[in-house]
Amino acid sequence: MPLSKIQLSEATGRRNLVINGAMQIFQRATAATTSSNGTYTTVDRFAADKINDGAFTTEKSTDNPFGTGTSLKAQVTSADTSLAATQYARILQNIEAQNLQHLLYGTSSAKTLTLSFWVKSSKTGIYSITLRKPDNTAYHFCHEYTISSANTWEKKVITITPTAGSTSFITASAGAIANDTGLGLELSFALGQGSTYAIGTSNTWSSNTNVFASTNQVNWMDNTSNNFYLTQVQLEVGNLTDFEHRSFAEELTLCQRYCHVMGGAGVYERFAVGYIQSATQARCVTYFPTAMRANPSTTSSNVALLLVASRAAAQTVSSISVDFNSPTVAHLQYNVSSGLNTGEGCHIVANNNSNARLTFEAEL
């Protein structure tokens, strides 16, 4: 085909600024897990955030608007029928600042964005999304959408112009997004907000730092029969396009910049190799499959030390401390009660438990 016939768009490379928008990757857990304040419990890159007197879980679901694929399901498990002023519930994704430089925020060429997603809930009514920009002067964009029919998948499309409402901050330095590894934009799906946070006006940017939802937002937390499904979330420059499907491998790699979970393969799965430093300590090295956003934190469950030469019984690890950490490798010290042979080689393994996990996190 002649080059003159090839139509090129302004946006090259990946169009979708959201990672794991098709809800494919669930490194931490797939079963229903109770959500708490700003925690990543199931689906990668989407945190569940709540401060209220009720409770809800998130989990992986095969319920999908296309009959195949997956979604994020949230389910109220303990109702809060009247949210206090400072209480709220939401689902959010934090987007790294250096991935947003092409938006040109803070200049006269700032780009219009389009947010699209599929949503379903047993509770109909007005919901809200917000987009928060924390760098320089903090601003929030709020927009309402309506779930019209109960238990029915609906596609929503929202245009986010850089000067929506009366605020024209984009052309000033206050609108700029720093070119760093910090938080650039926070995309939030409101489930219920008290009066302190439910003060936004739809289709408007505001410098008020407490905007999580519009004043018309429903209280999704009011009944244990309420569920909320979300999938195919896309935030892109310009007009709406078809959802950008990525391979599972590519999506997993993008997620592993923020979280890398080892485990689940079965008994005595190897997590790391190293050597015994003393009767109670071993040092082992783990290399990450992709460079993480920052030096990660480390948590573990059901992991053990297995001596290589003597093949002694695996000993349960009581605690882990950081010897050296970087975005590409972790040198960790594993502590046990006693009985190790100094100088011997060792493995960190699943301790006779298929649910063993070693988790590294560098979330925004």
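When Asn16, Thr114, Thr241 are each tested for a side-chain hydrogen bond (donor to acceptor under 3.5 Å, both in side chains) with Glu236, only one passes: Thr241. Here the rule is side-chain hydrogen bond (donor to acceptor under 3.5 Å, both in side chains) with Lys123, and of Asn226, Asn223, Asp222 only Asp222 fits it. Shown are Tyr88, Phe189, Phe141; of these, the ring pair (Phe, Tyr, Trp, His ring centres under 6.0 Å) with Phe212 is made only by Tyr88.
Applying the 4.5 Å side-chain rule to ILVMFWY residues, one finds that Leu92 remains a lone member of its cluster. Hydrophobic cluster membership of Val157, counting Ile, Leu, Val, Met, Phe, Trp and Tyr whose side-chain heavy atoms lie under 4.5 Å apart directly or via other members: Leu240. In the hydrophobic clustering (ILVMFWY side chains linked at under 4.5 Å, chained through shared members), Val211 is joined by Ile199. Ile25 shares a hydrophobic cluster with Phe248, Leu252; the chain of contacts runs through ILVMFWY side chains whose heavy atoms sit under 4.5 Å apart.
Here the side chain of Gln234 pairs a donor or acceptor atom with the backbone of Glu244 at under 3.5 angstrom. Side chain of Ser122 to backbone of Ser225: a donor-acceptor contact under 3.5 angstrom is found. Looking only at distances, a side-chain donor or acceptor of Thr152 sits under 3.5 Å from a matching main-chain atom of Ala150. Side chain of Glu361 to main chain of Ser297: no donor-acceptor pair is present (N/O by atom type, distance under 3.5 Å, no hydrogens or angles). With Asn210 contributing its side chain and Ser195 its backbone, the two residues share no donor-acceptor pair below 3.5 Å. Distance alone, capped at 3.5 Å, is enough to place a donor-acceptor pair between the Lys133 side chain and the Asp135 backbone. Formation of a donor-acceptor pair under 3.5 Å by the Thr70 side chain with backbone atoms of Met23 is found in this model. Under a 3.5 Å cut-off, the side chain of Ser61 and the backbone N or O of Glu59 do not form any donor-acceptor pair. Looking only at distances, a side-chain donor or acceptor of Gln101 sits under 3.5 Å from a matching main-chain atom of Ala178. Judged by distance alone, the side chain of Asn136 and the main-chain N or O of Ala176 form a donor-acceptor pair under 3.5 Å.
Using a 4.5 Å heavy-atom cutoff, the side chains of Asn335 and Ser321 are in contact. Residues Ile51 and Thr86 form no side-chain contact, since every pair of their non-hydrogen atoms from C-beta on lies 4.5 Å or further apart. Side-chain contact between Thr181 and Leu364 is absent, with no heavy-atom pair separated by less than 4.5 Å. Between Tyr145 and Phe117, some side-chain heavy-atom pair lies under the 4.5 Å cut-off.
Applying the salt bridge (Lys or Arg N to Asp or Glu O under 4.0 Å) test to residues at least two apart or on different chains, the pairs with a partner in residues 279-291 are Arg283-Asp323. Each salt bridge (Lys or Arg N to Asp or Glu O under 4.0 Å) pair with one or both residues in residues 35-49, not counting sequence neighbours, appears once here: Arg45-Glu363, Asp49-Arg90. Every pair passing ring pair (Phe, Tyr, Trp, His ring centres under 6.0 Å) that includes a residue from residues 22-62 is listed here, sequence neighbours excluded: Phe56-Trp220.
For the side-chain hydrogen bond (donor to acceptor under 3.5 Å, both in side chains) test, residues two or more places apart in sequence or in another chain that qualify with Lys120 are Asp63. Contacts of Asp53 classified as side-chain hydrogen bond (donor to acceptor under 3.5 Å, both in side chains), with partners at least two apart in sequence or in another chain: Gln87. Considering only residues two or more places apart in sequence or on other chains, Ser278 meets the side-chain hydrogen bond (donor to acceptor under 3.5 Å, both in side chains) condition with none of them. Checked against side-chain hydrogen bond (donor to acceptor under 3.5 Å, both in side chains), Thr224 has no partners two or more places apart in sequence or in another chain. Judged as a salt bridge (Lys or Arg N to Asp or Glu O under 4.0 Å), and not counting sequence neighbours, Lys155 has no contacts.
A donor atom on one side chain and an acceptor atom on the other are not found under 3.5 Å apart for Gln256 and Thr290. Between the side chains of Ser326 and Thr328, a donor-acceptor pair is found at a separation under 3.5 Å. Residues Thr58 and Thr42 bring a donor and an acceptor atom of their side chains to less than 3.5 Å of each other. Side-chain contact check for Glu96 and Tyr258: at least one donor-acceptor pair (N or O, by modelled atom type) lies under 3.5 Å.
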Output, in order, the C-alpha distance, side-chain angles, deciding distance and verdict of side chain to side chain contact (heavy atoms under 4.5 Å, CB included) for Gln232 and Phe66.
CA-CA 11 Å; Gln232 291 217 344; Phe66 311 103; 3.3 Å; yes

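Across all their heavy atoms, Asn64 and Gly69 have their closest contact at ND2-C, 3.7 Å.
Residue Tyr229 is not grouped with residue Ile129 when hydrophobic side chains (ILVMFWY) are merged at heavy-atom distances under 4.5 angstrom, including chains of intermediate members.
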